[in-house]
Protein chains: 2
Amino acid sequence: MTVQTKDPKGASGERKISPTRLKVLQVAAGLFADRGFSGVGVNEIGEATGLGRGALYYHISSKEDLLYDITTAYMSNLITDARAIAASEPDAVTRLQKLSRALMMTISEHLSEMTVCFRELHALTAERRKAVTGLHSDYQAIWSETLAAGVAQGVFRPVPSVVLKGLLGMYFYSFLWLDPRGPQNAVEIGDAFAEVVIKAVRAS
Amino acid sequence: MTVQTKDPKGASGERKISPTRLKVLQVAAGLFADRGFSGVGVNEIGEATGLGRGALYYHISSKEDLLYDITTAYMSNLITDARAIAASEPDAVTRLQKLSRALMMTISEHLSEMTVCFRELHALTAERRKAVTGLHSDYQAIWSETLAAGVAQGVFRPVPSVVLKGLLGMYFYSFLWLDPRGPQNAVEIGDAFAEVVIKAVRAS
DNA sequence: CTCCCATTGTACCGATCGGTCATTACGGCA
DNA sequence: TGCCGTAATGACCGATCGGTACAATGGGAG
């Protein structure tokens, strides 16, 4: 669950992230989730972190960089976790349940970041938006492979890709109504959604 | 499929909408869908409609009014259509299929407006946002009643409300990937989604 | 003590923000 | 002809936008 940024110059490995920068990322995610990327000014981000605008720009390179880091960090975590599940769980039904739980837990625990990730893509430059949508495709591919495995195991029916997009949308759209402190926790919702998915794609 | 605005002062019925204002609403919806509400300036809206900023403000009262009209108009249409379907189709399964088709067709035909409606709620003032989320609840209630009718008819199982929220999210989230000129049209996608919903909630 | 460097605050840049203003042009009507 | 409501113009308002320049601060190492 580490947050990474690209090495600014060289080709070597990952860079240490300062606690200040981490806090800036968290605070910015909350503000962006509340009022949208364009609706939040950099001075506001600075004040919310206890920094002035000048001090803030010592830790970040641009406002859009901030958005890019938020959108990529947790989507990468999601993919990493999902790959681990896919590699360790051969049974398609069980794998789907685990993927479902993991997805809802990540959305619930990092609601602000995920909201930004799903809702503020349009504020990125074309190339960076392409990179983020690529991550979304990568994640979808893991689910797609799981469905294919279920078909091979005879428990799932083949479904068009638009159905998978819809089923994932069921999870992704939850950022708009999910209350992490609501009556149902992420695990319960994840299990309920997994039941929906399994019934929807079960072989007849 | 008419667009309405509230009577500015009196209590009498609806007001005539000028063709210019209608065009402003459509153009603004496209711009907001592209770059977000806060990412679009009023001068840009004016230029895109062939009006100057001053002329634009003759037709609208504020930028946020524009957003409010966009979000409410088509959501109201959606509710009106859904109510008509619910009133005319007693069979729960068939009603669900018709609701599914109508929803996907509206999203597909008015993709910009629906994108704004789902994604830019946060830019509204608290009271207006409450009004729009109220419309969303009204729409969800129609689906909820349909599911309840199916339970009464013995064809559906009772499902928690979070499952209905998820299933509707399957439709709503489609604004992010739907291509109205894609290989599958709205009717096909609506039917595919209806099949998913029916399998997911079918009585065992 | 001195040097160094990470960190921060302040002032400032040109541009744009949403919104208002007085003014003008036009077409129908009496 | 004079009048009026509709429509459009473009300048202007104070405020804020994202970003930069630079001096000051402070603590640790030599």
Side-chain angles (χ1 to χ4, degrees), chain A residues 5 7-9 15-32 34-71 116 120 122-126 128-129, chain B residues 5 7-10 15-32 34-71 116 120 122-129:
Chain A
T5 50
D7 210 17
K9 290 207 167 185
R15 192 178 49 149
K16 270 287 160 41
I17 191 167
S18 75
T20 303
R21 184 185 171 87
L22 188 61
K23 183 177 184 184
V24 170
L25 284 173
Q26 293 172 345
V27 167
L31 291 173
F32 292 163
D34 270 351
R35 288 194 290 288
F37 177 74
S38 299
V40 178
V42 286
N43 47 2
E44 193 176 359
I45 301 173
E47 288 173 4
T49 51
L51 271 54
R53 201 155 59 252
L56 176 66
Y57 268 92
Y58 175 79
H59 296 280
I60 69 174
S61 54
S62 78
K63 188 190 173 192
E64 199 219 344
D65 263 354
L66 216 44
L67 175 62
Y68 183 70
D69 282 355
I70 293 170
T71 53
V116 173
E120 306 292 333
H122 56 86
L124 287 168
T125 61
R128 289 185 154 178
R129 184 168 58 248
Chain B
T5 50
D7 210 17
K9 289 205 165 183
R15 190 177 51 147
K16 271 287 161 44
I17 190 166
S18 76
T20 304
R21 184 185 170 87
L22 187 60
K23 183 176 184 184
V24 170
L25 284 173
Q26 293 172 344
V27 167
L31 290 174
F32 291 163
D34 270 351
R35 287 194 291 289
F37 176 74
S38 299
V40 179
V42 286
N43 48 2
E44 192 177 0
I45 300 173
E47 288 173 4
T49 52
L51 272 52
R53 201 155 59 250
L56 176 67
Y57 268 91
Y58 175 79
H59 296 280
I60 69 174
S61 54
S62 77
K63 189 190 174 193
E64 198 219 344
D65 263 355
L66 216 43
L67 175 62
Y68 183 69
D69 282 355
I70 293 171
T71 53
V116 173
E120 305 293 332
H122 56 86
L124 288 168
T125 60
E127 55 186 54
R128 289 186 154 177
R129 184 168 57 249

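The structure presented is a predicted model; accordingly, all values stated were derived computationally and were not measured. Residue numbering restarts at 1 for every chain, and letters A, B, ... go by the order of the sequence lines.
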Item to check | 5′-ward residue of the pair A:R53/A:H59 relative to DNA chain C | outcome: A:H59
Rounded to whole angstroms, how far apart are [atom1] on [X] and [atom2] on [N]?
| X | N | atom1 | atom2 | result |
| --- | --- | --- | --- | --- |
| B:L56 | C:dC17 | CG | P | 13 Å |
| B:R21 | D:dA7 | CZ | P | 12 Å |
| B:E47 | C:dG18 | CD | P | 12 Å |
| B:I60 | D:dA7 | CD1 | P | 15 Å |
| B:L67 | C:dG18 | CG | C1' | 14 Å |
| B:Y57 | C:dC17 | OH | P | 11 Å |
| A:L51 | C:dT8 | CG | P | 5 Å |
| B:I45 | C:dG18 | CD1 | P | 7 Å |

Checklist entry - Under 3.5 Å, side chain of B:K63 to main-chain N/O of B:F37, donor-acceptor pair present? => result yes
Next on the checklist: From C-beta outward on B:T20, which listed nucleotide comes closest to its side chain: D:dA8, C:dG19, D:dT20?
Outcome noted: D:dA8
Checklist entry - Choosing from D:dA8, C:dG9, C:dG19, which nucleotide comes nearest the side chain of A:A55? => result C:dG9
Checklist entry - Can you name the closest pair of heavy atoms from A:E64 and A:A123 and give their distance? => result CG-O, 4.2 Å
Checklist entry - Reckon A:Y58 has a side-chain N or O less than 4.0 Å from the OP1 or OP2 of C:dT8? => result no
Checklist entry - Within the structure, does a side-chain N or O atom of A:N43 lie under 4.0 Å from either OP1 or OP2 of D:dC17? => result yes
Checklist entry - What nucleic acid atoms does A:G54 come within less than 4.0 Å of, heavy atoms only: base, sugar-phosphate, or nothing? => result base
Checklist entry - side-chain contact (heavy atoms from CB on, under 4.5 Å) between B:Y68 and B:T125: does it pass, once the steps are laid out? => result CA-CA 9 Å; B:Y68 183 69; B:T125 60; over 6 Å; no
Next on the checklist: Test side-chain contact (heavy atoms from CB on, under 4.5 Å) on A:T20 and A:L51; report intermediate values, then the result.
Outcome noted: CA-CA 10 Å; A:T20 303; A:L51 271 54; 4.1 Å; yes
Item to check | Derivation of the side-chain contact (heavy atoms from CB on, under 4.5 Å) call for A:L66 and A:I45 | outcome: CA-CA 11 Å; A:L66 216 44; A:I45 301 173; 4.1 Å; yes
